[in-house]
Amino acid sequence: MMDFPCVRWQEYAAQKWVGLEPELKERFTSLHDVDDVFKCSLTLTTEDDLDFVQSICTGHSVQKDTEQAAKCRERGNSSFKSRDYTAAAMHYSQGICFAPISSKQLCLCFANRSAALYHLQHYQESLEDMDEALKNGYPSHLLHKLEERRTQCLKHLSAGQKAKEAHHNTASKNHEGRDPEGPLTFGICPHASVGFSLEKGRHLVAADRIAAGDVILHDRPYSCVLIPGMEEVKGKGARQNKERRVLFGMEHRRCHRCLTETLRPVPCQWCSYSRYCSTSCQRDAWEEHHRWECPLGADLMVMGVMSQLALRVTLKAGLKNIKMARDPIRDKHTESEPSCLNRESSDSSPCHTSYCSDSYLSVFHLLHHLDHHSPGLRFLYAVTVATLYLKLIKAGPPPASWDLSGNSQSPDEEGGFRDWSSELWLLGSAVLRHILQLRCNAQAIVMLQDTGAANSPVQSSMEIRIATAIFPTLSLLNHSCCPNTSLVFSSGTSAVSSGSDLSADLSERVADDRSTACGVTVTVRAAKVIAPGQEILHCYGPHSSRMATKERQHLLQEQYYFLCQCEACTLQQEEDEEGIEGTQQWLGTDGSPHKSGLLCGKCKESLKNSSEDRGLGFLCSSCGHRVPSSEVNHKLQEIRVDLEKAVDLMERDRPDEALSLLKRTQCQSGLILAETHPLQGELADATARAYATMGDWNNAASHLERSSAAIGSQYGADSIELSRQLFKLAQLHFNGGARGPALSVIPEVRRLLCLHCGPQCPELQELQAMEDCLRG
C-alpha cells in the first residue's frame, strides 16, 4: 500500500466509472462543490462495492493471531541463536503484536525480547519487558531466568549511571557553551512574515535579512501516516562476522503516531498492526483516531495512505471544528489560478488562519483543486471515501467528538444512519476535501537511513520516505526548482511550544498547546542569504540539480496544476528563446547552467546539446563531431549496469572483485564522461568504498575526493549532498590516521552541517569527537 488505493480497487472503480449511465456521468462531472460530489458518490455506492472491498481485504488481516505469534517467536529464536539480536527483538515484537491479551505466546515473547534487549545493552527496556512477561502469566518454572537477567540488568544500570555522571562532568568542562540553539520552538521566526496576494495566496516572505543557516520555522504535522513497505534492516551476525539481512517495514520499526524508531513497540490491544513507542502515544492515538480506524484496519490498508491520512485528519478535527471551518467559505466555490503552487485558499481573509501545528483551520483552507482533477480520478477519490464512510458507520457508534445530537436534516432522509447524527455526512465530505487537498499538499517525511555494512568503517546512508503528512505552517511555502531553504525532519524531539523566538501573534495562539511534544518535526533553514521582501521557497520534489527543465515543469503541472516560472525555469526558457546552444538542460543550485559532463570521443572536448537536432543529439564545438543521443544513452547504461554489479559484489563481501570491475568501468567511462559528470562521482564513491573495506585508506580518500568534486559540481558548494560526502571523507582520513587532511576538511563539513541541519545534529557530535581525538 502506498499513497493510492491498491490496484484492484483502482481497476474496480475505473470499471464502475466506465459502466455508469451517461446522464450519471454528466451529472457527476458537472458538480463543482465537494459536498455535492460526496452526496452524489453516496448514492452511487452500493453493497456490491462494500462486498468487493471486503473480498480484497482478505490478504490484509490485522486480527490477533496466536499461531502467527508463535511463528514470529520461532523466527526470533533463530535470530537469537545466530546472535543477531536486533532482528531477534523485532521478530519478538511482531509476536507481541500478534499475540492476544493474556495468551501464553504474549508472555513468552515479552520474556524473549527482554533477553535480546539485554544483549543489545538496553537494560532498562529489558527490565520493563520482564515486568510485562510477569504481568501476562510467565510460567513459574522459568522465573529463575528472569531473576538472573534482572540482577545483571540492575548491575549494568548502576555501573552505567556512575560512568555517565563522570562523563557528564568532563564534558561540561570541555564543551561549555556549545548549545547555541537551545530548546526547540514551534512557529515562524520573527524575521519572516505571512504575505498575501491573489496570485500566490498566503506565502512566506522575509521581513528582515535572514542569514544562511538561520531557522525560519519549526512545524509539526497536523497528522501523519506511516508508509508500509519492506525495508532492509541489517544486523551483524556472529558467524564469520557476516551480515544477516532481515526484511522489516517502517510499520514494524516506528511508532504509528510520532514516528519514533523503537525496538520495543507497545502494541494496540485489539489489532496486530498498530504499535507505538510508549503507552502515552498508544493512548493518545486511541483517543484521537485509532479507536475508529482499528475496526477498519484492513480496509485502510487497501484504500491507501492518502485515504487513511484524510480520515485521520477529519477524526482528529471533530464535527465542531469542521463546522467552524466551513462557515467563512460556505457557498464560495471559486478558486484563484496559481502561478506557483498556491497551497492556501485565497477566498478567505489573509489573517483568518492561525498557523500552528494543531490548527485545523489552516488545514481546511488549503486548496483542494476539485476542478483540476480528472473526472476519473475525482470519481475514484469520491467512491473510496463513500465506501470508507459507509464501513465506518457499520463499524459502530460515532466518535464522541461527533455526537452533538444534530438538529439538521440528513442529505438523504431515507438512509437514516441509526446512531449517527444526521449532520455526520459532514465527516465524509471533509474526508473527501482532505484527500483532494493531499494530492497537492501532502508532504513526504524523509529520514536518513544507514545503508552500510554493520562493520563498515565509513558511514553510508540514503534518504528514505517513511511517512506522509500534512503540515499547516510548512504548507505556506511555495515551490522553486532552485529553493532558498533546506528542510530537515526529526522524530522523538522534545519541543517548547512558545517562547521569545516566536512571532508575537503566534505565541498567543499556541499558548494553550502542551508545553512539550514528542514526535516528528520539520525545521526549515535558509540555505542562502534571503533579502528583506524576498519570498521564502522550498522544493516540492523536482529540483534543478536533478532534473531537466521540461521534465520538472511537466511533473509539477501534472501533480500540482501550475506551470513553474521560478528562477531556474525562467533562466532556461530565456536561453532557449535566445537560441543559446549547448547549455545543459538542468541548472545548478545557484541557478547557473552546468556543462553536460560528456566528452567528445575524438578530441576529448566537451559535448553540447545540439539545437539543430532538437535535443536528440550532441555536438562537439571544437571538432564538429556529432553523437546521437541513442549512442550516448547506450554507453551510460552499460556503465550503470557495471556499477550495480560492483555494488552487489561489495554487499556480498567480495570487494576485490568489485574493485577490479570498477577499475575497468572507470577506464571506459573516462572516454566519454568528464570528471564532474554525476556518474563519475558514483563510480568514484563506489571505488572509495571498496578500498575502505579492504583497509586502503589513502586510495579510498583519493577516490572520495574525486566523488566530492563531482557532487559539488552537480549540487553546489553549499549543498547538503556535499556535506554528507565530505563527512565520509573526514571519516576516511580519521580512520587512516591522516591527521592533517582530516583537520583540514572538518571545518568545511561543520559549516555545511550547521547550515542545513543545525548545531545539534548527530554528525556534528561525531565530528567533534574526531577532532578532539586528533588534537589530543
Side-chain angles (χ1 to χ4, degrees), residues 195 197 199-201 203-206 210 212 216 337-343 440 443-444 446 463 474-487 524-531 533-598 606 608-609 611 614-615 674 676-678 681 710-723 752 755-756:
S197 71
E199 180 186 25
K200 295 181 178 180
H203 55 279
L204 277 189
V205 295
I210 301 177
I216 296 172
E337 181 68 30
S339 62
C340 187
L341 176 55
N342 180 4
R343 290 174 176 262
C440 292
Q443 173 69 51
V446 296
E463 279 190 347
L474 182 62
S475 295
L476 288 168
L477 270 64
N478 282 326
H479 167 81
S480 171
C481 299
C482 186
N484 52 16
T485 60
S486 60
L487 274 62
V524 179
R525 286 183 170 82
K528 58 185 76 172
V529 174
I530 304 176
Q534 187 177 351
E535 186 173 2
I536 298 168
L537 304 161
H538 88 104
C539 180
Y540 295 170
H543 198 287
S544 61
S545 66
R546 302 182 182 91
M547 197 178 294
T549 303
K550 290 183 179 179
E551 185 180 0
R552 296 197 310 269
Q553 290 183 323
H554 172 73
L555 289 175
L556 291 166
Q557 183 76 58
E558 186 177 63
Q559 180 170 352
Y560 298 102
Y561 309 114
F562 72 94
L563 178 63
C564 186
Q565 297 292 338
C566 70
E567 181 183 359
C569 292
T570 303
L571 177 61
Q572 185 63 51
Q573 287 170 354
E574 290 174 355
E575 290 172 344
D576 290 343
E577 290 171 2
E578 293 172 7
I580 298 177
E581 211 176 294
T583 54
Q584 178 63 333
Q585 298 211 2
W586 61 86
L587 304 176
T589 53
D590 58 354
S592 60
H594 284 301
K595 294 181 179 179
S596 70
L598 299 174
S606 178
K608 300 178 180 179
N609 295 318
S611 60
R614 298 181 180 273
T676 56
H677 192 280
I711 285 177
S713 176
Q714 180 182 4
Y715 296 107
D718 293 329
S719 63
I720 183 64
E721 290 83 1
L722 181 60
S723 74
L752 292 174
L755 174 64
H756 294 283

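Because only heavy atoms are used, hydrogens play no part in the values below, and waters and symmetry mates are left out as well, while side chains stay in.
Judged purely by atom type and a 3.5 angstrom limit, Asn478 has no side-chain atom pairing as donor or acceptor with the backbone of Leu537.
In this structure, Ser544 and Arg552 have side chains that are in contact, with non-hydrogen atoms separated by less than 4.5 Å. Two residues are said to be in side-chain contact when any heavy atoms from C-beta on lie closer than 4.5 Å; Val205 and Ile536 fail this criterion. Counting only heavy atoms from C-beta outward, the side chains of Cys482 and Leu571 never approach each other to under 4.5 Å. The shortest distance between side-chain heavy atoms of His203 and Ser197 falls below 4.5 Å.
Here the CE-SG distance, from Met547 to Cys539, works out to 8.5 Å after rounding to the nearest 0.5 Å. Taken to the nearest 0.5 Å, the CD atom of Gln714 stands 9.0 Å off from the NE2 atom of His677. Note that SG of Cys569 and CG of Leu563 are 8.0 Å apart. Values are rounded to the nearest 0.5 Å. Note that CD1 of Ile720 and CD1 of Ile711 are 11.5 Å apart. Values are rounded to the nearest 0.5 Å. The structure places NZ of Lys528 at 11.0 Å from OG of Ser486, a figure rounded to the nearest 0.5 Å. Taking CD of Gln553 as the reference point, atom CD of Gln557 lies at 9.0 Å (rounded to 0.5 Å).
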Between Tyr540 and Gln443, does a side-chain contact (heavy atoms from CB on, under 4.5 Å) hold up when you go through it step by step? CA-CA 8 Å; Tyr540 295 170; Gln443 173 69 51; 5.9 Å; no
For the pair Val524 and Leu204, evaluate side-chain contact (heavy atoms from CB on, under 4.5 Å) and give the outcome as yes or no after the intermediate values. CA-CA 12 Å; Val524 179; Leu204 277 189; over 6 Å; no
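Of all non-hydrogen atoms in Leu752 and Asp718, the two that sit nearest each other are CD2-CA, 3.6 Å. The minimum heavy-atom distance linking Cys440 with Tyr560 is given by the pair O-CE2, 3.2 Å. Among all heavy-atom pairs drawn from Cys564 and His479, the shortest one is SG-CD2, 3.7 Å. For the residue pair His543 and Pro483, the shortest heavy atom distance occurs at NE2-CD, 3.4 Å. Looking at every heavy atom in both residues, Thr676 comes nearest to Ser713 through CB-OG, 3.6 Å. Residues Lys200 and Glu535 come closest through the heavy atom pair NZ-OE1, 2.6 Å.
Listed by chain and residue number, nothing satisfies the side-chain hydrogen bond (donor to acceptor under 3.5 Å, both in side chains) test with Thr485 (two or more places apart in sequence, or in another chain). Looking at residues two or more places apart in sequence or on another chain, you find a side chain to side chain contact (heavy atoms under 4.5 Å, CB included) between Val446 and Glu463, Arg465, Phe489. Applying the side chain to side chain contact (heavy atoms under 4.5 Å, CB included) test to Ala526 and every residue at least two apart in sequence or in another chain returns Ile210, Ile216, Ile530. Take Glu551 and apply the salt bridge (Lys or Arg N to Asp or Glu O under 4.0 Å) test, not counting sequence neighbours, and it matches no residue. Listed by chain and residue number, Leu755 satisfy the side chain to side chain contact (heavy atoms under 4.5 Å, CB included) test with Ala212 (two or more places apart in sequence, or in another chain).
Listed by first then second residue, pairs satisfying salt bridge (charged side-chain N to carboxylate O under 4.0 Å, His left out) with a partner in residues 475-486 number zero, not counting sequence neighbours.
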